[in-house]
Number of protein chains: 2
Amino acid sequence: MTTETERPIEPERVRAPNIRDVARVAGVSYQTVSRVLNDSPNIRPETLQRVRDAIDELGYRPNQAARALVTSRSRTIGVLAAQTVHYGPATSIQAIETAAREAGYRLSITNITSSEYASIKSGLDYLMSQAIEALVVIAPQVRVFEAINDLQVGVPFVTLEATGMNTDHSLWVDQVMGARMATRHLIELGHTEIMHISGPQDWIEAEARMQGFLRELGDADLRTRAPILGDWTASFGYYAGLELLRYRDFTAVFAGNDQMALGFMHACREFGLSVPGDISIVGFDDVPEAAHFAPPLTTVRQNFAEIGRRAIALLLGELRGDTELSHEPVQPELVIRQSTARVS
Amino acid sequence: MTTETERPIEPERVRAPNIRDVARVAGVSYQTVSRVLNDSPNIRPETLQRVRDAIDELGYRPNQAARALVTSRSRTIGVLAAQTVHYGPATSIQAIETAAREAGYRLSITNITSSEYASIKSGLDYLMSQAIEALVVIAPQVRVFEAINDLQVGVPFVTLEATGMNTDHSLWVDQVMGARMATRHLIELGHTEIMHISGPQDWIEAEARMQGFLRELGDADLRTRAPILGDWTASFGYYAGLELLRYRDFTAVFAGNDQMALGFMHACREFGLSVPGDISIVGFDDVPEAAHFAPPLTTVRQNFAEIGRRAIALLLGELRGDTELSHEPVQPELVIRQSTARVS
DNA sequence: GGTCTGGATGTGTACGGTCACATCCGCGCC
DNA sequence: GGCGCGGATGTGACCGTACACATCCAGACC
């Protein structure tokens, strides 16, 4: 215990100061201290100052456990997340954390490692054991909603990055629109044979992007082909590319995210194919690295931080009892770089 | 409130069941229930079963706030993090979360957005207000240690990814060694003019990698030149490349992380330079995408998940009072791909 | 058969806050 | 001058749990 030897002067503080200690020092009742802590009006300025001085003097910190016990409010927002190592979820979480902290809430984050029901349920269970007051679901999978119902979570929740199919609880980026924009861009460049490498089927956003893709193709009366179901990783994009390029019966690819697009471009290089000369590629997300891929990737940008902030705003509003909250979707944006070109 | 209308049958539960409710249903005293919850021995199997049944029947969940209040143990581990959107920290955090959860701890994560003292202090303050029992510092910056001392954090803490300069509290990847491996690899390929693009100077790991780089050059009696101080981003690597390649008085680059290496390779393309034909590049971290860069990046792999796990193991050991814990560094590993070649 | 022993279980209290309610006091009003 | 009023402050109870201690009881032992 280096800390002990470094400052042996200070007496061992057996117990942290509590509200009554503060009251004693300030010469008021503990209730008055409590009032100060809770910004209650009707305190004489002089008294207020005395209490504040006492708090500083003792280095008093309110005991959150005690407060939570008596108010039965944990001041905790739960986050059920998947793939937190990815740029999108990670960015949203960071924004959520900041917004929550500013509002006096703390976060409890848990990762689900598989999309199996048991895993989701166990994650939710963990969060509920902490008496969360609200729930944010990031990168939602279809089964999450079942679990939320089954476990009677019973707190306000929002879902990020979903499709809007559950508008009551989702704060959504219009993924369908984003996918349409990407697809339309390729169509406008003259591509008629477009491949889609999708995310895992049980991911709502993967599904949404696929829908957008298919609808846009349909609107243009183009032939649709079965999308490839991937797993979001660059490696998948690579191996899928190795497979698909053996036939090369397409001139453009819309990848479900930037990582898979990266892997696919890698495969193109191995086949000696030029991007965008031979194959055009569009990604999704606009991770910061996408601008530096070879070639810089045309992709669909999502404002992950904005989504995170709005999620918290929405939940806090609901906790406060506000009704009529804005659920309008966040609009994605097509970022055209150098991985797409007019079909030759 | 859709939830309300969806299942209106259930009566409004005014109060969650507590330990006494369980006791009443099970026909035992509340203390017996408490014993069951805490796995105390000396309970008649029959009684045990009755209590468990009652718990299930009522859907009882222990109130963590009450428990924390009486035991004065928050069962919370604080995480002070920076750059959580990056692969390394994000991976470590995920591992930490899993390990902590398995051990019955929850995590409280806070991000510091700037490396200023005030920001660090405010982050620590936030964590302390939650009565954390231990602290993990991720991606540490020099000033963090000052803050930890100033605020008398007073709980066990470990630092991830540091240099070993503070071996008491750091669980370190041998960054110096990793940097030496990268540099030596370039030297062995015949490079004598090697550039280093470092991370921000106030990051301990950036400093460590720079040290390793300089020492290895020194050992080989090669000319050292001032490293460029970057900010970890791909964009920085790109713009640094645009600048440096105008002179091109080097044949190899050791980048402080994979992102900056990516940006640098982008700059090389713009100059019409081949990697590794004209310039060899080594990164650091081995993010999953690195294998699919153009060309696939030679880099130094760190086992971020392992670090995270060991951090928790270390802290839990200390909380339990174990002494003599292993602080041996995690060894990084050089992953040779196609961005490095013998000097021509 | 009384005493000792230890396993199984029950009772009182404390943890640190907040809430509802009580009290005190000075002021304006009839 | 007694009364009502409202601002400022104090008192008691309670939130749900764990710990220390007390109690009960059956079996071993002399």
Side-chain angles (χ1 to χ4, degrees), chain A residues 13-55 58-76 104 106 128-133, chain B residues 13-55 58-76 104 106 128-133:
Chain A
R13 178 170 287 157
V14 176
R15 187 176 58 81
N18 66 20
I19 205 178
R20 292 170 207 255
D21 297 326
V22 174
R24 202 173 313 120
V25 170
V28 296
S29 77
Y30 56 82
Q31 174 59 7
T32 302
V33 177
S34 175
R35 288 197 180 92
V36 171
L37 295 175
N38 294 290
D39 300 315
S40 132
N42 305 340
I43 300 185
R44 206 146 36 100
E46 183 195 317
T47 312
L48 184 65
Q49 195 51 52
R50 276 223 310 284
V51 172
R52 288 208 173 128
D53 289 347
I55 288 175
L58 295 176
Y60 167 79
R61 287 171 182 278
N63 182 318
Q64 309 232 25
R67 194 175 268 181
L69 175 59
V70 69
T71 58
S72 57
R73 299 192 52 193
S74 64
R75 294 241 158 226
T76 300
R106 61 174 153 268
M128 288 178 64
S129 77
Q130 301 182 39
I132 54 170
E133 292 182 36
Chain B
R13 177 168 290 156
V14 176
R15 187 175 59 81
N18 65 22
I19 206 178
R20 290 170 207 256
D21 296 325
V22 174
R24 201 174 312 119
V25 171
V28 296
S29 76
Y30 57 82
Q31 174 59 9
T32 302
V33 177
S34 175
R35 288 198 180 90
V36 171
L37 296 175
N38 293 289
D39 300 314
S40 132
N42 306 339
I43 301 185
R44 207 146 35 103
E46 184 195 317
T47 313
L48 184 65
Q49 195 53 51
R50 275 221 313 283
V51 172
R52 288 207 173 130
D53 289 347
I55 287 174
L58 294 176
Y60 166 81
R61 287 172 182 278
N63 181 318
Q64 308 231 28
R67 197 174 263 186
L69 176 59
V70 71
T71 58
S72 58
R73 299 192 51 193
S74 64
R75 294 240 157 226
T76 300
R106 63 176 152 268
M128 287 179 66
S129 77
Q130 301 183 39
I132 55 171
E133 292 183 38

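Below, read A as the first sequence line, B as the second, and so on, with proteins coming before strands; counting in each chain starts at 1.
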Distance, rounded to the nearest Å, where A:Ile43 contributes CD1 and D:dG10 contributes P = 10 Å
5' priority, DNA chain D, between B:Gln64 and A:Leu48 [closest heavy atom] | A:Leu48
Would you kindly give the CD1-to-C1' distance between B:Ile55 and D:dT17, to the nearest whole Å?
-> 13 Å
At their closest point, which heavy atom of B:Leu37 faces which heavy atom of B:Tyr60, and how far apart are they?
-> CD1-OH, 3.5 Å
B/S/- along nucleotides 11-20 of chain C (protein heavy atoms under 4.0 Å) is BB-BBBBBBB
Would you classify B:Ser72 as touching base, sugar-phosphate or nothing, given that sugar-phosphate means primed atoms plus P, OP1 and OP2, and contacts are heavy atoms under 4.0 Å?
-> nothing
To the nearest 0.5 angstrom, please state how far the CG atom of B:Leu69 sits from the CG atom of A:Asn63.
-> 6.0 Å
Pick from A:Thr32, A:Leu58, A:Val28: which one makes a side chain to side chain contact (heavy atoms under 4.5 Å, CB included) with A:Val22?
-> A:Leu58
For A:Gln130 and B:Gln64, indicate whether the former's side chain and the latter's backbone hold a donor-acceptor pair under 3.5 Å.
-> no
A:Arg106 (side chain) donor-acceptor with A:Ser74 (main chain) under 3.5 angstrom = yes
Atom pair distance, as rounded to whole Å: CZ in B:Arg44 and P in D:dG27 = 12 Å
Separation of atom CZ in A:Arg50 from atom C1' in D:dT9, rounded to whole Å = 11 Å
State whether B:Asp53 and B:Arg50 are salt-bridged, where the test is any N-O pair (Lys NZ or Arg NE/NH1/NH2 against Asp/Glu carboxylate O) under 4.0 Å.
-> no
